[in-house]
Amino acid sequence: MLAVTAGVVVAPSASAAALPPKVPVAKGTGGAVVSDTVQSTLAGLDVLRRGGTAADAAVAVAAVLGVTDPNVAGLGGGGYLVYYDARSGRVSTIDGRETAPSTADEKLFIDPATGQPYAFFDAVTSGLSVGTPGNLALWQRALQRWGHYDLDDLLQPAIKVAEDGFPVTTQLNKEIDQNKDRFKQFSSTAALYLPGGAPPAVGSTLRNPDLAKTYREIARHGTDAFYSGSIGRDLTKAVQNPPLAANATVKPPKGKLALGDLRAYRALDHDPTHIEYRGADVYGIAPSSSGGTTVGEALNILERTDLSKLDRTQALHYYLEASKLAYADRGRYVGDPKFVDVPTKQLLSDSFAAVRACRIDPIRAAVAPVAPGNPLNPGSCTPPPPAVAPVADHEVHTNHFVVADKWGSVVSYTNTLEQIGGSAIVVPGRGFLLNNELTDFNFTPTQGTAPDPNLAAGGKRPRSSMSPTIVLKHGKPWFAVGSPGGSTIITTVLQIIVNRIDFGLSLPDAVAAPRASQRNTPTVTAEPAFIAGNPGLATYGHTFTAQAEIGAAAALEFVDHGQVLAAGEPTRRTGTSAGVVRPSR
Ligand code: GLU
């Protein structure tokens, strides 16, 4: 069923009949993958089986997701990758976040005609929201550092799936349907995703020959074809002059991204964030994402209380309060460190956590929003200064996947177009959607009289919440986790870590458990099952806003006898596809 020709990995047949079912949990040896779609998981497992590293498999998975999960992944987006390298025993990260055009400034989203910010819908569905995509540069960098295969080999599975087509899932159909008013504005997008004016039917075969051609061009000519060649030219043209449909009802503001911006793009090697939590070492992504600092700060705060000794309701109260405090600090201090001084070390210091932790009333929720602390001068526990109301971050979706190889190297990689369907602009003739990542900048200052670290500037990366995480115990990988979900990503990752370490749930149970997200807002966003299952939290003063689903995690854990337990979602977002190279009996 699987074949390899002259080192070229060939994907399995994409026909529905040949596809194994999607399973959320798998256990075995030889390597593991957990990703959104069956085809991407199979492609990753095939690379692992053929001696590829976790980095090799991750590139194959990400490229296939660009075909089968096109609204949240692919060439038009960016992401962050955390890597545990079994050879060196080190954790490293690559920042493939999108950048703003060099001509951008903090008025990027201010309409010059009115002096007011653009309406969010207009800003999102426009070239203005598109940043230089970083995924491809990240893939190349990961292969340079840890790969056995070349990029051209690893794009072959995606080329095959794009060419043969794949069965449209209920999730893909739903996403296209939810975005049809945006997708019909652009002729290239409508042609690909609204054939005959409607989303492709569930179970029908969707082919993307333009994307196959684009991947082929990259396979042949390398990443330059994208960042300085014909693909880049087509991309910037689509940003500056979006291909409006004849019956378009929007007049989107034009984007400024130019070929020079693409040429200047680099995926960045960063040190990971690191904190110790109850004897484990938690590694995350440093700014420009707020993931590592916010998850890490909240864990540092929580570590001062032994949650396992508390009644579960009170332990969850601490979880919500720690998250509330960490979010206040995220808003005030985290942005692209090339442009603002981010006190990463201080945000993750135990002395700061001690002062923040003493703000938690053991039996009463603080009225949100709470004010940020001062990591540079933590002081002692004094009454809180007035708070600045938080800005609602959008809770839309991206994707996260994890890979482990037979040597024990691990990838935890979150990648995104920002909103489902990104900017809604498919680059004509190229078959991929462009991101709307620049809308992760704050459109106007949000921090009152204090500076806002997340305003747009030329070449700047917008602040992210993506939180790909790898946890080590005794210097060896223990588990890896991440999730989509906009600003709820941070709390999803935090909650899974607390579920696993403090509450002792198995990893599949930690992932499946009902979720709640406290992001320094007056009410806690929570899944209905969490609200129903934790009535006692009301007595602590927590109030809830229900949200059907929060996040869609992918995780894996090293368990007994060298086995890996791959754990995805049983139901959220129609489930995740977990697989291992050699299943245990
Ligand atoms: N753009 C979001 C971020 O970087 C991720 C997209 C999402 O999951 O909503 O935080």
Side-chain angles (χ1 to χ4, degrees), residues 35-36 62 65 69-74 76-82 93-100 109 120 123-124 129-135 138 171 175 178-179 268 270 284-295 326-327 330-331 334-336 390-401 412-424 433-443 453-454 456 460-469 481-494 515 517 519 525 547 549-554 569 572-573 576:
S35 78
D36 271 2
L65 284 168
D69 214 1
N71 292 311
V72 299
Y80 298 93
L81 179 144
V82 182
T93 77
I94 305 177
D95 173 336
R97 183 68 161 170
E98 294 88 339
T99 48
F109 288 108
F120 192 68
V124 168
S129 67
V130 182
T132 300
N135 274 335
L138 182 155
Q171 177 66 22
E175 288 173 5
Q178 285 170 344
N179 277 284
L268 304 174
H270 280 314
I285 197 88
S288 55
S289 182
S290 58
T293 55
T294 314
V295 171
Y327 259 88
R330 166 191 181 267
V334 184
D336 182 345
V391 179
D393 281 309
H394 353 117
E395 290 150 30
V396 281
H397 273 309
T398 169
N399 78 105
H400 180 79
F401 69 85
S412 189
Y413 178 16
T414 316
N415 63 105
T416 184
L417 302 181
E418 160 43 17
Q419 185 153 333
I420 288 187
S423 63
L433 280 159
L434 289 169
N435 68 82
N436 67 299
E437 215 71 56
L438 301 186
T439 58
D440 273 356
F441 284 121
N442 293 332
F443 287 18
N454 190 35
K460 190 173 176 181
R461 285 157 153 84
R463 178 175 61 215
S464 170
S465 300
M466 290 190 271
S467 310
T469 301
V481 59
S483 176
S487 58
T488 67
I489 293 172
I490 291 168
T491 55
T492 293
V493 169
L494 179 63
R515 295 193 182 127
S517 180
R519 290 159 292 154
T525 305
Q547 182 170 303
E549 284 184 4
I550 297 176
E569 297 283 0
R572 291 186 187 93
R573 214 177 172 204
T576 321

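Numbering of residues begins at 1 and proceeds along the displayed sequence. Side chains are part of it too, since the values below use all heavy atoms of this structure and drop only hydrogens, waters and symmetry mates. Numbering of ligands and ligand atoms starts at 1, following listing order.
Using a 4.0 Å cut-off between a side-chain N of Lys or Arg and a carboxylate O of Asp or Glu, E549 and R573 do not qualify as a salt bridge.
R461 pairs in a side chain to side chain donor-acceptor pair (under 3.5 Å) with only one of the listed residues (D336, T99, D95), which is D95. The only member of N135, T398, N399 that meets side chain to side chain donor-acceptor pair (under 3.5 Å) when paired with T416 is T398.
The shortest heavy-atom contact between S289 and S464 is OG-O, 3.4 Å.
The ligand atoms of ligand 1 that sit less than 4.0 angstrom from a heavy atom of M466 are 4 (O), 10 (O).
Side-chain contact between E418 and E98: absent, with no pair of heavy atoms (C-beta onward) separated by less than 4.5 Å. Counting heavy atoms from C-beta outward, I285 and V82 have side chains that approach closer than 4.5 Å.
Contacts of I489 with ligand 1, taken as heavy-atom pairs under 4.0 Å, involve the side chain alone. Only side-chain heavy atoms of D440 come within less than 4.0 Å of ligand 1; its backbone N, CA, C and O stay farther off. When heavy-atom distances to ligand 1 are checked against a 4.0 Å cut-off, E437 comes that close only through its side chain, counted from C-beta outward.
When only modelled atom types and interatomic distance are considered, S467 and H400 share no side-chain donor-acceptor pair under 3.5 Å.
At under 3.5 Å, a nitrogen or oxygen of S464, whether backbone or side chain, sits near a nitrogen or oxygen of ligand 1. Residue contacts with ligand 1: G485 is placed with a nitrogen or oxygen under 3.5 Å of a nitrogen or oxygen of the ligand (distance criterion only). Between G486 and ligand 1, at least one pair of N/O atoms sits closer than 3.5 Å. Not a single N or O atom of T416, backbone or side chain, sits closer than 3.5 Å to an N or O atom of ligand 1.
Heavy-atom separations between R97 and ligand 1 include at least one value shorter than 4.0 Å.
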